[in-house]
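What's counted below: heavy atoms across the whole structure, side chains too, no hydrogens, waters or symmetry copies. Per chain, numbering begins at 1; letters A, B, ... match sequence-line order.
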Amino acid sequence: MSRMVTIISTMETQVSNGPSGTSMPNGPVISTNGSTDDSKTNLIVNYLPQNMTQEEFKSLFGSIGEIESCKLVRDKITGQSLGYGFVNYVDPNDADKAINTLNGLKLQTKTIKVSYARPSSASIRDANLYVSGLPKTMSQKDMEQLFSQYGRIITSRILVDQVTAGISRGVGFIRFDKRNEAEEAIKGLNGQKPLGAAEPITVKFANNPSQKTGQALLTQLYQTAARRYTGPLHHQTQRFRLDNLLNASYGVKSSPTVFPRFSPITIDSMTSLAGVNLTGPTGAGWCIFVYNLSPEADESVLWQLFGPFGAVTNVKVIRDFTTNKCKGFGFVTMTNYDEAAMAIASLNGYRLGDRVLQVSFKTSKQHKA
DNA sequence: TCTTATT
């Protein structure tokens with residue numbers, strides 16, 4: 001777990017958004033004005049994959065415990081996911097568990113962030129700043145130090161070059177807890193030279209994604225369509241980098257020598273040659289059979305393994321009714337055939353701890369024709 | 001010189 005925390009903290013500031021008091025008991029608390037205190041049950045989830053649906057979102061967080069309500073936030077006009085959502089659990093312990101097990105989970109190209117939601121209020125909106133002209137040598141920590149004098153920083157990020165992976169592009173974002181803090185930071189820092197810098201920086205409010213111009217919306221829709229057309233295999237090189245995608249903190253390690261890779265075509269021909277019927281994309285999607293899980297395996301392991309390959313709608317670990325231990329297998333449902341095939345090709349033969357997984361499409365038990 | 005943090 002410590003490894004994961006390290007990875008996240010280098011990427012982005014972790015702030016305690018959560019309940020500040022420690023004296024409050026668990027369970028719903030009704031305040032004097034009659035409203036429910038959900039500070040210990042309500043979570044905000046950031047950096048969700050663009051194509052994740054409400055259903056997948058609910059399925060992922062529902063695997064932790066009973067959900068009171070949840071919502072994937074979408075653009076009012078385009079219906080596009082804004083990449084974040086809220087989950088309100090019934091039990092505060094489940095909210096805590098969700099943070100501990102799902103924060104830092106890698107899904108496709110994203111690393112999701114799970115944290116307590118701050119109480120909703122107008123004062124925390126539009127508090128995101130766009131900063132440019134930063135010295136290339138300035139680190140995220142340096143930037144935070146510069147801005148922290150104006151208020152509580154919720155997130156910060158310096159954009160880096162995609163190719164050289166790590167070189168600062170001299171632009172970044174700072175999100176303050178309160179809009180007035182952001183305003184003060186603009187007044188104090190826009191046009192100023194950071195200590196030792198040659199050029200002044202520009203500090204302004206970031207573009208608000210939900211207030212895009214018509215032109216920007218068209219561009220976005222076009223890009224979305226283009227991505228869809230290119231298909232999910234476009235980034236397969238990246239997707240195959242399992243060592244990067246799978247979080248070491250889960251004890252998931254690949255062993256290159258026992259890592260057979262089949263093409264989706266091979267899977268097709270193997271299954272058809274064997275006269276086996278796939279269960280097919282009926283209703284929910286493509287069901288995948290995962291064999292040789294450890295008795296301790298839980299749903300989060302399956303999300304962790306399959307999430308990077310694409311849209312996962314459901315995972316299930318089959319447990320013994322009396323011991324509640326995993327019986328050694330489970331199922332994963334994926335929406336898209338290509339992504340499911342890629343996951344199978346990559347994960348079949350994958351070494352999870354000291355076990356080698358067997359992964360295939362679930363077959364229906366029928367007599368051969 | 002713009003990623004997606006307030007329902």
Side-chain angles (χ1 to χ4, degrees), chain A residues 8 11-18 35-36 38-39 41-52 54 57-58 61 67-89 99 103 107-136 138 140 143 151-162 167-179 181-182 186 190-191 199-213 215-217 219-220 223-224 227:
Chain A
I8 300 303
M11 184 187 79
E12 177 179 293
T13 310
Q14 289 294 288
V15 214
S16 169
N17 296 334
S35 65
T36 306
D38 57 8
S39 68
T41 56
N42 195 208
L43 304 179
I44 185 163
V45 184
N46 292 292
Y47 309 107
L48 292 166
Q50 178 60 236
N51 60 9
M52 187 177 229
Q54 164 78 216
F57 183 60
K58 184 174 185 180
F61 285 88
I67 291 173
E68 191 274 325
S69 63
C70 76
K71 182 175 192 176
L72 177 69
V73 180
R74 295 181 174 281
D75 185 285
K76 283 196 187 79
I77 300 161
T78 66
Q80 295 265 312
S81 164
L82 291 181
Y84 68 92
F86 296 90
V87 182
N88 197 188
Y89 284 100
I99 292 173
N103 183 39
L107 294 175
Q108 299 171 248
T109 61
K110 305 284 187 181
T111 301
I112 71 170
K113 179 179 174 187
V114 185
S115 55
Y116 288 108
R118 290 171 285 161
S120 185
S121 104
S123 66
I124 67 174
R125 294 182 52 175
D126 304 315
N128 196 201
L129 297 180
Y130 175 74
V131 188
S132 58
L134 293 166
K136 300 280 196 277
M138 184 178 266
Q140 183 195 32
M143 182 172 73
R152 176 185 171 207
I153 296 167
I154 299 300
T155 59
S156 73
R157 171 168 295 181
I158 288 179
L159 301 185
V160 295
D161 187 283
Q162 298 281 330
I167 308 285
S168 167
R169 290 166 58 193
V171 304
F173 293 90
I174 294 270
R175 179 180 297 277
F176 279 100
D177 182 39
K178 295 290 192 302
R179 182 171 54 251
E181 295 170 343
I186 292 175
N190 182 39
E199 301 298 327
I201 60 173
T202 300
V203 183
K204 56 207 271 195
F205 281 108
N207 295 337
N208 192 323
S210 59
Q211 293 167 198
K212 276 183 183 157
T213 64
Q215 187 58 251
L217 285 172
T219 305
Q220 188 194 328
Q223 285 169 343
T224 305
R227 258 200 302 278

Check: Is the aromatic ring of A/F173 within stacking range of B/dT3, meaning centres under 5.5 angstrom and planes under 30 degrees?
Finding: yes
Listed nucleotide nearest any side-chain atom of [X], set [options]:
| X | options | answer |
| --- | --- | --- |
| A/V171 | B/dT7, B/dT1, B/dT3 | B/dT1 |
| A/Y130 | B/dT1, B/dT7, B/dT4 | B/dT1 |
| A/Y47 | B/dT7, B/dC2, B/dT4 | B/dT4 |
| A/K204 | B/dT1, B/dT6, B/dT3 | B/dT1 |
| A/Q50 | B/dT6, B/dT1, B/dT4 | B/dT4 |
| A/S132 | B/dT3, B/dT1, B/dT6 | B/dT1 |
| A/N128 | B/dT6, B/dT3, B/dC2 | B/dT3 |
| A/R118 | B/dC2, B/dT6, B/dT4 | B/dT6 |
| A/F86 | B/dT1, B/dC2, B/dT6 | B/dT6 |

Separation of [X] atom [atom1] from [N] atom [atom2], in whole Å?
| X | N | atom1 | atom2 | result |
| --- | --- | --- | --- | --- |
| A/M143 | B/dC2 | CE | C1' | 13 Å |
| A/L72 | B/dT4 | CG | C1' | 12 Å |
| A/I158 | B/dT3 | CD1 | P | 16 Å |
| A/L107 | B/dT4 | CG | P | 14 Å |
| A/F205 | B/dT3 | CZ | C1' | 17 Å |
| A/L48 | B/dT7 | CG | C1' | 14 Å |
| A/Q108 | B/dT3 | CD | C1' | 17 Å |
| A/F57 | B/dT7 | CZ | C1' | 11 Å |

Taking [X] for the side chain and [Y] for the main chain, is one N or O donor matched with an acceptor at less than 3.5 Å?
| X | Y | result |
| --- | --- | --- |
| A/E199 | A/P135 | no |
| A/N88 | A/T41 | yes |
| A/N128 | A/F176 | no |
| A/R118 | A/S39 | no |

Is any side-chain N or O of [X] closer than 4.0 Å to OP1 or OP2 of [N]?
| X | N | answer |
| --- | --- | --- |
| A/R169 | B/dC2 | yes |
| A/R175 | B/dT4 | no |
| A/R74 | B/dT7 | no |
| A/R125 | B/dT7 | yes |

Item checked: Ring centres under 6.0 angstrom apart (A/F173, A/Y130) -> yes
Checklist line | side-chain hydrogen bond (donor to acceptor under 3.5 Å, both in side chains) evaluation trace for A/Q50 with A/S81 | finding: CA-CA 6 Å; A/Q50 178 60 236; A/S81 164; 4.7 Å; no
Margin query: Over all strands shown, is A/N88 touching base, sugar-phosphate only, or nothing at heavy-atom distances under 4.0 angstrom?
Written below: nothing
